[in-house]
J.: 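The structure is given below, and queries will be raised subsequently.
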Amino acid sequence: MEVITRFPPSPTGYLHIGGARTALFSWLYARKHGGRFVLRIEDTDRERSSQESVQAILDGMGWLGLDYDDGPYFQTQRMNRYREVIDQLLHAGQAYHCYCTREELDVLREAQRARGDKPRYDGRCRQRTQPRDEILPVVRFKNPRDGNVVIDDLVKGRIIISNSELDDLIIARSDGTPTYNLTVVVDDMDMGITHVIRGDDHINNTPRQINILEALCAERPRYAHVPMILGADGKRLSKRHGAVGVMQYRDDGYLPQAVLNYLVRLGWSHGDQEIFTRQEMFDLFDISDVQRGSAVFNPEKLLWLNYEYIKAAKAADLRDHARWHFENAGINIDEQANWKEVILVNQQRSKTLLELVDRSLFFFRDIDGYDAKSVKKHFKGQAGEVLVELRAQLGPLDPWTAENIHRRLHQLAERRSIGLGKIAQPLRIAVAGVAVSPPIDETLAILGKEAVMGRIDAAVNYINTLP
RNA sequence: GCUCCCUUCGUCUAGCGGUUAGGACGCCGGCCUCUCACGUCGGUAACAGGGGUUCGAGUCCCCUAGGGAGCGCCA
């Protein structure tokens, strides 16, 4: 049997970290089993759905590389089909019109709550034979009154819910449009979904959906309810916990593979392994190994993973991922002759692409001033003299290599009987503008002699203006 | 309130009846050092509580507590 999984977001916002994880699990499960992954847009809530959100979700999935084999389907385009199924249930006597008003239902619910009961519809319209004038009816599914629904959930294990806990849910609104629990069932059935992998907030819906499925004589899929992702405060992850939109991580300089890796390890593990290639995810992931309890989202670990991926990346890949970040900083990375050296020397010290760009900037363009604190600390004492002498030493240097530069720096330190820091730091500020850069010899080598000479001159001039 | 789900270091987790309860992130400290980093060595820290079952329980069962979700003409 071919495995078919699906991801059914409703387009009411961007792709959320939590949604991305269930999408990832569904996608992995399909890929692992050589099956298909279906994307279905649940846009029946016209009020809150938008085309921008559809695009945002597509963008998020695209960035993460979660490719789908089928779809995207749109529920709004399947209205006739839902109508057909509703009519079928009606004709078979498995659904009925309900003329209760919202007010009546409110009263019922209130009374039930007051009694300490779970609010649920009492089925009073099941027997009704005459329509009520002036009232457009909804359609309710005739849920079985006795027995249990048994779910053998792939992550939670066996779950048993008594039908007496359920009620006759609305499957069509008074305007005729279908509701969620109906559309999901029809879609999953029509699309041949074999494995429903979704958040465990849907567990309560599952028995209802199974009952509808059975009324339709459809085969039921396997279910896997994965736990929610929580914020640091233990509450369901939401906007107030910070960045929860997948694309925000792209903007913040994260690599998609790092985000994917973080997400797959959240609630799932394979022994002590932390880093998983895409192929390893396919090979090793198993939905039944997913943790039963919810997991807290930990941005620090994601950052660490991002760093690991940046360190291990090929320079050219880093350049491609960072290209638009460089553009945002006003740099066209493709025009930089020394782009590769710059990336190589900075990638091991950058936790994000943003940091990589930031650390690379002074290699690609002139510095626009000196960091005040650094100046105060290092542009003092003999700094000016040292730079002048250094310039004289480096001027004739040939070839201009890190090794040669290194040698000259040490010779100078020895001659003046000062620590290397007394030379490296002023020099670093002279060429980088700040007291932070890769090793000074490599920095100079990559920068090139001409730029270094110019920046030392500028620094010397600047120091001379100091009081 | 009712129903369902969940519970190992701060966090992600390993563990599938016998372990000094392991790894990772973070944090702290040593080493390295021209800055920032890297690296490396070490440290900190957990079986929610209580009953059973068993020679033996983090592992199996029950109860309690705590947390989460659902109870819409939202999805």
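Keep in mind that what you see is a predicted model, and the values were worked out from it rather than measured. Scope of the values below: all heavy atoms of this structure, side chains included, with no hydrogens, waters or symmetry mates. Throughout, protein chains are lettered first and strands after them, A, B, ... in sequence-line order, and every chain is numbered starting at 1.
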J.: Decide side chain to side chain contact (heavy atoms under 4.5 Å, CB included) for A:Y223 and A:H195; before the verdict, give the C-alpha distance in whole Å, the side-chain angles of both, and the deciding distance to 0.1 Å.
T.: CA-CA 6 Å; A:Y223 292 93; A:H195 297 261; over 6 Å; no
J.: Do A:K311 and A:Y309 meet the cation-pi criteria used here (NZ or CZ under 6.0 Å from the six-membered ring centre, within 45° of the axis)?
T.: no
J.: Please tell me which of the listed nucleotides, B:rA69, B:rC5, B:rG67, lies nearest to the side chain of A:R236?
T.: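 For A:R236, the side-chain atoms sit closest to B:rA69.
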J.: If you look at every strand shown and take non-hydrogen atoms under 4.0 Å, does A:P9 touch a base, only sugar-phosphate, or nothing?
T.: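 Counting heavy atoms under 4.0 Å across all strands, no contact is made by A:P9.
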J.: Looking at every heavy atom in both A:A224 and A:V155, which two are closest together, and how far apart are they?
T.: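 It is CB-CG1, 3.9 Å.
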J.: Using purine N1 to pyrimidine N3 plus N6-O4 or O6-N4 for Watson-Crick, or N1-O2 and O6-N3 for G-U wobble, both under 3.5 Å, which nucleotide pairs with B:rA45?
T.: none
J.: Using a heavy-atom cut-off of under 4.0 Å over every strand shown, decide if A:S437 touches base, sugar-phosphate, or nothing.
T.: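 Base contact.
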J.: Can you tell me the pairing partner of B:rA57 across any strand shown, Watson-Crick or G-U wobble, with both distances under 3.5 angstrom?
T.: none
J.: Out of B:rU13, B:rC12, B:rA24, which nucleotide sits closest to the side chain of A:E274?
T.: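 In terms of side-chain proximity for A:E274, the closest of B:rU13, B:rC12, B:rA24 is B:rA24.
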J.: Please work out if A:R48 contacts a base, only the sugar-phosphate, or nothing of the nucleic acid, heavy-atom cut-off 4.0 Å.
T.: base
J.: Could you tell me the Watson-Crick or G-U partner of B:rU19, where both distances fall under 3.5 Å? Say none if there is no partner.
T.: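 B:rU19 is paired with nothing.
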J.: Pick the C1' atom in B:rA48 and in B:rC6, then give their distance to the nearest Å.
T.: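 Per the computed distance, 12 Å lies between those C1' atoms.
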J.: What about A:F141 and A:Y96, are their ring centers closer than 6.0 Å?
T.: no
J.: Return the nearest nucleotide to the side chain of A:E165; candidates are B:rA75, B:rU3, B:rC12.
T.: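 Of the candidates, B:rU3 comes closest.
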J.: Quick check: on RNA chain B, is the nucleotide nearest A:G116 upstream (toward 5') of the one nearest A:K156, or the reverse? Name the residue that is more 5'.
T.: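 On the 5' side of the pair lies A:G116.
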J.: Looking only at N and O atoms, is any donor in the side chain of A:R349 or the base of B:rC36 less than 3.5 Å from an acceptor on the other one?
T.: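 Yes, the side chain and the base share a sub-3.5 Å donor-acceptor pair.
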J.: When you get a sec, tell me which of B:rU35, B:rA14, B:rC4 is the closest nucleotide to the side chain of A:S269?
T.: B:rA14
J.: Would you mind telling me which of B:rA14, B:rG10, B:rA75 lies closest to the side-chain atoms of A:N205?
T.: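 Of all the options, the side chain of A:N205 is nearest to B:rA75.
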J.: Does A:R265 make a cation-pi contact with A:F276 (under 6.0 Å, within 45 degrees of the axis)?
T.: no
J.: With ring centroids as reference points, do A:F379 and A:Y370 lie under 6.0 angstrom apart?
T.: yes
J.: So what does A:T44 hit on the nucleic acid, given a heavy-atom distance under 4.0 Å: a base, only sugar-phosphate, or nothing?
T.: sugar-phosphate
J.: Taking any strand in view, what nucleotide pairs with B:rG10 in a Watson-Crick or G-U wobble way, both distances under 3.5 Å?
T.: B:rC25
J.: Within the modelled atom types, does a donor on one side and an acceptor on the other bring the side chain of A:T179 and the base of B:rC73 under 3.5 Å apart?
T.: no
J.: With a 3.5 Å cut-off and heavy atoms only, can you find an N or O donor on one side and an acceptor on the other between the side chain of A:R428 and the base of B:rC34?
T.: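 Flag set: donor-acceptor pair detected.
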J.: Report which part of the nucleic acid A:Y121 touches: base, sugar-phosphate, or nothing (heavy-atom distance under 4.0 Å, all strands).
T.: nothing
J.: How is A:V296 classified with respect to the nucleic acid when contacts are heavy atoms under 4.0 Å: base, sugar-phosphate, or nothing?
T.: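 Sugar-phosphate: the residue A:V296, judged by heavy atoms under 4.0 Å, touches backbone atoms but no base.
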J.: Once you apply the 3.5 Å cut-off to both distances, tell me the Watson-Crick or G-U wobble partner of B:rC34, or none.
T.: none
J.: Find the partner of B:rC2: check Watson-Crick (N1-N3 plus N6-O4 or O6-N4) and G-U wobble (N1-O2, O6-N3) distances, both under 3.5 Å, and reply none if neither fits.
T.: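 Partner of B:rC2: B:rG70.
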J.: Please work out if A:R102 contacts a base, only the sugar-phosphate, or nothing of the nucleic acid, heavy-atom cut-off 4.0 Å.
T.: base
J.: With syn defined as a glycosidic angle within 90° of 0 and anti as the rest, where does B:rC31 land?
T.: anti
J.: Counting any heavy atom closer than 4.0 Å, what does A:D441 reach on the DNA or RNA strands: base, sugar-phosphate only, or nothing?
T.: base
J.: If you only use heavy atoms from C-beta on, which nucleotide in B:rA24, B:rC73, B:rG23 is closest to the side chain of A:D272?
T.: B:rG23
J.: Would you classify A:G267 as touching base, sugar-phosphate or nothing, given that sugar-phosphate means primed atoms plus P, OP1 and OP2, and contacts are heavy atoms under 4.0 Å?
T.: sugar-phosphate
